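Only a predicted model underlies this, so the values are computations on that prediction, with no experimental measurement involved.
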Amino acid sequence: MNGLQVRNMRPRKKRNAFIGWLAGVLSSWFGGQRTKPTQDDLRRVDFNASTQRLGIRFSKKIRDVFRFKWLKKR
């Protein structure tokens with residue numbers, strides 16, 4: 001059969017699963033703590049998107065459907 005060998009993939013899958021689990025445990029131990037974003041970080045990421053500035057036009061039907069998502073409480 002052209003020298004092809006058929007192998008059982010089960011041991012390889014178990015080994016890969018164990019290596020993945022071990023990598024997850026080690027990264028959780030030595031990965032460090034992520035800092036929570038500050039108000040300045042959130043302000044920097046937040047931007048005002050205007051459809052008029054972007055050059056996008058919406059029909060009245062689409063605007064009425066998504067209007068509740070666009071309104072912001074102030």
Side-chain angles (χ1 to χ4, degrees):
M1 289 200 14
N2 298 340
L4 293 176
Q5 295 179 349
V6 178
R7 285 201 217 164
N8 186 1
M9 296 297 285
R10 193 167 179 88
R12 185 179 292 176
K13 286 182 182 180
K14 284 185 179 181
R15 183 186 70 207
N16 288 343
F18 177 73
I19 291 172
W21 175 81
L22 185 62
V25 169
L26 290 175
S27 67
S28 69
W29 284 347
F30 299 111
Q33 296 292 328
R34 293 187 183 248
T35 58
K36 292 186 177 181
T38 62
Q39 289 288 52
D40 290 335
D41 295 334
L42 295 177
R43 275 194 208 100
R44 209 171 338 151
V45 173
D46 190 28
F47 62 94
N48 294 331
S50 170
T51 56
Q52 289 177 343
R53 250 186 308 185
L54 296 174
I56 301 172
R57 294 178 184 241
F58 291 123
S59 67
K60 286 185 178 183
K61 188 174 183 178
I62 293 175
R63 205 174 304 131
D64 289 341
V65 169
F66 290 103
R67 188 177 305 271
F68 70 95
K69 291 183 181 180
W70 295 333
L71 296 176
K72 295 181 182 179
K73 294 181 181 177
R74 293 184 188 228

Mind checking side chain to side chain contact (heavy atoms under 4.5 Å, CB included) for [X] and listing every partner two or more places apart, or none if nothing turns up?
{"X": "Ser28", "answer": "none"}
{"X": "Thr35", "answer": "none"}
{"X": "Asp41", "answer": "Pro37, Thr38, Arg44"}

What distance separates Arg12 CZ from Asn16 CG, expressed to the nearest 0.5 Å? 7.5 Å
I'd like a table of donor-acceptor pairs (distance under 3.5 Å, sequence neighbours excluded) in which one partner is a side-chain atom from residues 20-27, with atom names and distances.
from  : atom 1 : to    : atom 2 : distance (Å)
Ser27 : OG     : Ala23 : O      : 3.1
Ser27 : OG     : Gly24 : O      : 3.0

Same cluster (ILVMFWY, side-chain, under 4.5 Å), Ile19 and Trp29: no
